[in-house]
Amino acid sequence: MESRKESKADKLFELARRRGFFWQALEIYGGVSGFVSFGELGVKLKDKIIRLWRDYFIYKHGFTEVDTPLISPYIVFEASGHVNNFKDPIIECLKCHKKFRADHLLMEFNRKISEGISIENIEKEVNKGDVSCPECGNKKWNVGYFLTMFRTTIGPYSENEGFMRPETAQGMFTEFKRIYEVSRGKIPLGIAQIGKAFRNEISPRQGVIRLREFSMMEIELFFDPLNPRCPFLSQVEDEELRIIPEDLVEKGVESPLKITVKEALIKGIIKQEWLAYFMALSKKFLTKLGLSEDKQRFHAKIPSERAHYSAQTYDHEVLLDKFGWVEVAGHAYRTDYDLSSHMKRSSIDMSVSVPLEKPIKVKHLKMNINMKKIKETFPDKFNDLIKVLNKKNPEDVKKEIDASGVIMIEDLKLPKEVIEFVDVDEEIKVRRFIPHVVEPSFGIERLVYATLDHAYFEKGDRTILKIPPYLAPIQAAVFPLVSREKLQEKSITVWEDLKKKGIDAIYDDSGSIGRRYARADEIGVPFAITIDYQTLEDDTVTVRNRDTWEQKRIIIKDLPDYLLSLLCFSDP
RNA sequence: GCGGAGUUGGUCUAGCCUGGUUAGGAUGUCAGCCCCCCAAGCUGAAGGUCGCGGGUUCAAAUCCCGCACUCCGCACCA
């Protein structure tokens, strides 16, 4: 496999640690895997990636952004299906202590396993005596669950169980009603959230690629299932995507189709316009991070590996030096699963209404109930009776009366005279529905890593991070050519001026000029400004380009604008 | 969790088998000299209780045991 002593990824991790992009957290206690800390450069890079994402995904569409709690009570994740789906039944061989996914192992012994099989049933199956450990043949088992959500308690009462969110999405569903209200009833409605999520991985490795605590950028796009058009689609419909659709994944095909967004929709490879739009946007966004198109692909999730809420999911993967194809974003069509689930559990109506273009006239049957008569006949039961009666469908009531001449409410017989049926013409002006959801979801740490991975270059014994200028953590470095007081003074003036203009600049006068260029290259500073003797005569400086090593002389007063023009990115 | 390998200044590492004086080097950092446009050179300095805990021994980075963590495989990754 890897014959070099040190892979690029190893060197990149070393660089990230040494220069303070990020490192494994809690080093003084030996480190805990699945947790990282970010230093200054990492924070800045992360921040710029987030800003770029906001430009691509939020502002442009007029979406709204929220920030909801990291911890929620049990009931939220019970409703969302996570409590049932975010756990794996595990059985442990009591002899060799190997652990297996219980359902997988039972299937090997030809047991029919239903989704969400209970521990009790697993135990029953296992104890029938024919299930033996594939490792040592032993037949005694310990059965349990491994819940991959972090559990905690809320308040002083330990029975009030809560969980750290495993995705930011649920917050946008639980708060949907208010956000919808605040957005003045807009549909389609895009709600974005950037924040931390937590997954108690069994054994996370691969450094920053698989974390127990990580950051996500997610959008829940709520749309009308009867009007699923995406108004932005035309902007990307000719964009070519590299896709491995479900049927190819099933066949084990690894090479992607190249297909335009338009075609993918027509052929049904992507089922939803918004999903297709976000996939295209996602590709453009990643390209902007410096990830070339041939290092990107969309990989369909087949039903068995899809999340419990998903009707279609594409993983947006990038090719990384050491890890191969790694998912950096997931694009899921969640249907109305989440809102419906919360609606059911909370009994709060999550449906929204849109005005109909033309009001619809509907004829329907209405019951005129003779309240007086009923009250006279059943004075005690009146209230309950009316409640039940009002909930009944008039059509059904009429049928019952036509058939038997009476209506039975519990054990009470109501004579047909108490109800009069009339046909009513009603004008329906709105349509109510539960919105469907398309969700693009990005892992920030993975994006940071992917950006660095693709920015990493070596030139002789020097390392250069060719981070796109608009993402560079440090945007400019100011150097006096030599450490002479006059040059130093001038340099500091230039440096101060750049900072005032909002350019993230550093000043360095230690060591030779070449060493300082090298130091700057290693952390991806795109422009190095050198103050030399000529500066003192004509107020010009040289601007040295990190990638080409070319130098340009610029008049100091034009410098900030010159740099800013190179540092900005064209609008998406 | 299992199997294998490993853990020594900021970084990379020598030393461990064959226990013995202030744990060596490279690189980086800082200060000074130099004044030079791509990690040049010279001088000096700071920085390590050798992962943690225990044991053996007159003496442990070195031998033994336990633990933690990391890396590589296996399993897991909704």
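Proteins get letters first, then strands, A, B, ... in listed order; numbering begins at 1 in each.
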Report the secondary structure of RNA chain B in dot-bracket form, marking unpaired bases with a dot and bases paired to a different strand with |, and treating Watson-Crick or G-U pairs with both distances under 3.5 Å as paired. (((((((..((((......[...)))).(((((.......))))).....(((((..]....))))))))))))....
Quick one: what's the B/S/- string for nucleotides 32-46 of chain B, heavy-atom cutoff under 4.0 Å, read 5' to 3'? ---BSBBBS------
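- Distance, A/Ile209 CD1 to B/rC71 P: 12 Å, rounded to whole Å.
- The ring pair (Phe, Tyr, Trp, His ring centres under 6.0 Å) search around A/Tyr507 returns A/Trp495, not counting sequence neighbours.
- Using bins of under 30°, 30° to 60° and over 60° for the plane-to-plane angle, the ring pair A/Phe150/A/Phe198 lands in the perpendicular bin.
- Take A/His331 and apply the side-chain hydrogen bond (donor to acceptor under 3.5 Å, both in side chains) test, not counting sequence neighbours, and it matches A/Ser282.
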What does the list of N/O pairs under 3.5 Å between the protein and nucleotides 67-69 of chain B look like, with a distance for each?
unit_1, atom_1, unit_2, atom_2, d
B/rC69, O3', A/Gly31, O, 3.4
B/rC69, O2', A/Gly30, O, 2.4

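- Atoms NZ (A/Lys11) and P (B/rU13) sit 13 Å apart, rounded to a whole Å.
- We find that CD of A/Glu327 is positioned 16 Å from C1' of B/rC76, with the value rounded to whole Å.
- The aromatic rings of A/Phe77 and A/His82 sit perpendicular to each other, their planes meeting at more than 60°, with 30° as the lower class boundary.
- Among residues two or more places apart in sequence or in another chain, the ring pair (Phe, Tyr, Trp, His ring centres under 6.0 Å) test is passed with A/Phe22 by A/Phe38.
- Taking atom CD of A/Glu14 as the reference point, atom P of B/rU7 lies 17 Å away to the nearest angstrom.
- Atom P of nucleotide B/rC76 and atom CZ of A/Arg199 are separated by 18 Å, given to the nearest angstrom.
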